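Taking it in order: structure first as structure tokens, then the write-up.
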Amino acid sequence: MTTHEFFVDMTCEGCSGAVTRVLKKLDVKFDIDLPNKKVFIESDKDTDVLLETLKKTGKTVNYIGPK
């Protein structure tokens, strides 16, 4: 499994809660670093799938790369 690093413009617990909700639907392991606005997702799914899922939160999302 690959761990992918994403920038997500989260400012509060509500933002990270939105990320948690959309990622739980994908059934992937993930870790949220709210102070640094990073989300780490451990998955073999295509990065475009992960990116589109994170964009469902309405936040600005960028793929940083594999960790």
Side-chain angles (χ1 to χ4, degrees):
M1 283 236 199
T2 306
T3 300
H4 302 281
E5 183 176 353
F6 292 86
F7 168 84
V8 182
D9 192 18
M10 302 173 288
T11 55
C12 64
E13 292 291 329
C15 298
S16 63
V19 171
T20 298
R21 278 192 301 280
V22 296
L23 289 178
K24 279 192 174 177
K25 292 177 184 174
L26 274 187
D27 193 31
V28 294
K29 289 184 182 178
F30 62 93
D31 187 38
I32 298 173
D33 179 356
L34 183 57
N36 293 310
K37 300 182 178 185
K38 302 271 179 79
V39 177
F40 302 95
I41 305 172
E42 188 178 320
S43 173
D44 287 331
K45 292 187 187 304
D46 190 70
T47 53
D48 290 336
V49 171
L50 301 175
L51 192 60
E52 289 306 311
T53 300
L54 286 170
K55 285 183 177 178
K56 289 178 184 175
T57 63
K59 304 294 174 198
T60 301
V61 180
N62 293 311
Y63 179 54
I64 296 170
K67 185 173 183 228

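The structure presented is a predicted model; accordingly, all values stated were derived computationally and were not measured. Note: hydrogens, waters and symmetry copies are ignored here, and every other heavy atom, side chains too, is used.
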Are L54 and V19 packed together at the side-chain level, in the sense that at least one heavy-atom pair is separated by less than 4.5 angstrom? yes
Are the side chains of V39 and F7 in touch, meaning some heavy atoms are under 4.5 Å apart? no
List for me each residue that meets side chain to side chain donor-acceptor pair (under 3.5 Å) alongside D9, sequence neighbours excluded, and say none if there are none. K37
Does the side chain of I64 reach to within under 4.5 Å of the side chain of F6, using non-hydrogen atoms? no
In Å, rounded to the nearest 0.5 Å, how long is the span from OG1 of T3 to CE of M1? 9.0 Å
Check: N36 side chain, K38 main-chain N or O, donor-acceptor pair, under 3.5 Å: no
With a 4.5 Å limit on heavy-atom distance, are the side chains of M10 and I32 in contact? yes
Side chain to side chain, K67 and F40, heavy atoms closer than 4.5 Å: yes
For the NE2 atom of H4 and the CG atom of D44, what is their distance to the nearest 0.5 Å? 7.0 Å
Answer whether the closest heavy-atom distance between the side chains of L50 and S43 falls below 4.5 Å. yes
CG-OH distance between L51 and Y63, expressed to the nearest 0.5 angstrom: 9.5 Å
Interatomic distance, CD1@I41 vs CD@E5, rounded to 0.5 Å, equals 11.0 Å
Min side-chain heavy-atom separation E13-L34 under 4.5 Å: yes
NZ/K45 to CD/E52 distance, rounded to the nearest 0.5 angstrom? 14.5 Å
Residue pair T2 / E42, side-chain heavy-atom distance below 4.5 Å: no
